[in-house]
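Following: one structure in structure tokens, then a few remarks.
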Amino acid sequence: FTFNIMVKALCAVDRVDDAQTLVQKMGTKGCAPNVFTYTILAKGLSERSRPYQALELLAEMSLNGCNPNIVTYNTVIDGLCKEGNVEKAQQLVQQQIPDDGCSPNVITYNSLINGFCKVGKIEKALRILKDMEEDKLLPGPDTISFNTILDAYCKHGKLKKAYKIMEHMKTIGHAYNVVSYNIILAGLAKLGRISEARRVFEEMFRDNIAPDIVSYNTLVDGMCREGMVSDAKMMLKAMTGNGIKPDIITYSTILDAYCKRGKIVKARELLGEMLRKGISPNTASYNILIQSATKEGRILEAEKLLQKMRERGLTPNTITCNIIIQSLCKNGELDKAIQTMESMWVKGSNAI
RNA sequence: CUGGUACUCUUACGUC
């Protein structure tokens, strides 16, 4: 359907309001929007933190004789959960969905679990998981359900609990995957427990779950934070040997570590290596370099970098902006800082 | 089996 494609396109270029208007007009043109149309729009709204408008959309579509299906509901529910209103989402699951003759599926519950985790109510999330395991009327949990809980524990530094979940999965014979391991790795890395992370990493090979780019990047990041930059650099070679290509994140992570420690020569070398490998720096990479330059008083270099960034068609983001303003303020150039801010403001950029 | 792929999951840069 042509209209659906248009709605999607409008959402993609951030013109959700236009998309909404279009959908409203469709009805009057004898070309009624269908479930697909509404779901696309609901997703557009949800992704832009407008879950309540998505919620209203549910009512609107029913009025137009188009009943939401489970995909529509899940889209709205996930939006609500990400906004932090898990209660409202749960209400939908318990009341409206059954009223509509739909039944929640594993994705629905996973959204709720994630929602509760993100607002710090892990107990509630666990409750849902347990219900899914025990209640035959509910869909059984999948790997994602478990991973979500795993992640919540790891993010809170509760590694023992995380390990317990992992053990639980093993004992009931539930599949885990590379993401499960990545979550654990990230948890350990954040706590600076690098040697333990290394052991887990080795275990992955024995477990026939090959580390992916995220696994490597997580470990590299952990090493860099602990000042083990040369170990991190060695990982670069190791991963290549294992068929995983270092990406922009791998390089930026190490680049940042070098810069923060004033190892400018090494940083430049790495930048060169990165370019030779055909990986072009993005805004984040430039932010790293610009910050390093400003902190060490190499203002001219910073300006040049900004210039280069522009030439490459990269747009400065909030962080770029903050780095520059901070540096100007420290040099007592308040006027210039304000000027910069205003010009960014005028450009209508998402910076600030 | 053509159109909405919905949740999960993970990784880099600023301010405090």
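Protein chains get the first letters and strands the later ones, always in sequence-line order, with residue 1 at the start of each.
Picking from B:rA12, B:rA6, B:rU15 the nucleotide with the shortest atom distance to the side chain of A:I107 gives B:rA6. For A:I183, the side-chain atoms get nearest to B:rU10 when compared with the rest of B:rA6, B:rG4, B:rU10. Side-chain proximity of A:T75 to B:rA12, B:rG4, B:rA6: nearest is B:rA6. Minimum atom distance to the side chain of A:I249 is reached by B:rU11, of the listed B:rU15, B:rG4, B:rU11. Which of B:rU15, B:rU10, B:rA6 sits closest to the side chain of A:K155 comes down to B:rU10. Side-chain proximity of A:N105 to the nucleotides B:rA6, B:rG4, B:rA12 is greatest for B:rA6. Considering only the side chain of A:S111, B:rC7 comes nearest among B:rC13, B:rC7, B:rA6. Each of B:rC13, B:rA12, B:rA6 was ranked by its minimum atom distance to the side chain of A:N317; first place goes to B:rC13. Comparing B:rA12, B:rU10, B:rU15 by their closest approach to the side chain of A:D151 singles out B:rU10.
OP1 or OP2 of B:rU15 sits under 4.0 Å from a side-chain N or O of A:Q326.
When rounded to the nearest whole Å, the span between CE of A:M26 and P of B:rG3 equals 17 Å. Atoms CG (A:D78) and C1' (B:rU5) sit 12 Å apart, rounded to a whole Å. Here the P atom of nucleotide B:rU11 and the OH atom of A:Y251 are 21 Å apart, to the nearest Å. In this structure, the CG atom of A:N110 is 15 Å from the C1' atom of B:rU5, given to the nearest Å.
Rounding to the nearest 0.5 angstrom, the gap separating the CZ atom in A:R199 from the CG atom in A:L188 is 9.0 Å. Interatomic distance, A:D212 CG to A:S215 OG, rounded to the nearest 0.5 Å: 4.0 Å. Atoms OG1 and CG, from A:T39 and A:L58 in turn, are 9.0 Å apart once rounded to the nearest 0.5 Å.
We find that A:K130 and A:E134 are not joined by a salt bridge, their nearest charged nitrogen and carboxylate oxygen being 4.0 Å or further apart. With salt bridges taken as basic N to acidic carboxylate O contacts below 4.0 Å, one links A:K170 and A:E203. Between A:K277 and A:D247, no side-chain nitrogen of the basic residue sits less than 4.0 Å from a carboxylate oxygen of the acidic one, so the salt-bridge criterion is not met. At a threshold of 4.0 Å, the pair A:E202-A:R206 does not count as salt-bridged, since none of the basic side-chain nitrogens sits closer than that to a carboxylate oxygen.
The side-chain hydrogen bond (donor to acceptor under 3.5 Å, both in side chains) check on A:Q326 picks up nothing, with sequence neighbours excluded. In this structure, the salt bridge (Lys or Arg N to Asp or Glu O under 4.0 Å) partners of A:K121, at least two apart in sequence or on a different chain, are A:E87. Residues passing the side-chain hydrogen bond (donor to acceptor under 3.5 Å, both in side chains) test with A:T108 are A:N74, A:N105, sequence neighbours excluded.
Side-chain contact check for A:T283 and A:N317: no donor-acceptor pair (N or O, by modelled atom type) lies under 3.5 Å. Between A:N114 and A:D151, the side chains place no donor N or O within less than 3.5 Å of an acceptor N or O (distance only, hydrogens not considered).
Stacking annotation: A:Y73 is not stacked on the base of B:rA6 (requires ring centroids less than 5.5 angstrom apart and an interplanar angle below 30 degrees).
Among the atoms of the strands shown, none is found under 4.0 Å from any heavy atom of A:V76. A:T72 comes within 4.0 angstrom of a base, heavy atoms only. Counting any heavy atom pair closer than 4.0 Å across all strands shown, A:S252 reaches a base atom. At the heavy-atom level, A:N69 lies under 4.0 Å from base atoms of the strands shown.
Listed by residue number, the members of residues 267-287 of chain A with any heavy atom below 4.0 angstrom from RNA chain B are A:N282, A:A284, A:N287. Only at 4.0 angstrom or more do the heavy atoms of residues 189-201 of chain A sit from any atom of RNA chain B, so none qualifies. Remark: A:N217, A:T218, A:D221, A:R225 in residues 216-240 of chain A come within less than 4.0 Å of RNA chain B through at least one heavy atom.
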Pair A:R268, A:Y258 - check side chain to side chain donor-acceptor pair (under 3.5 Å), show working.
CA-CA 9 Å; A:R268 290 226 172 92; A:Y258 278 144; over 6 Å; no
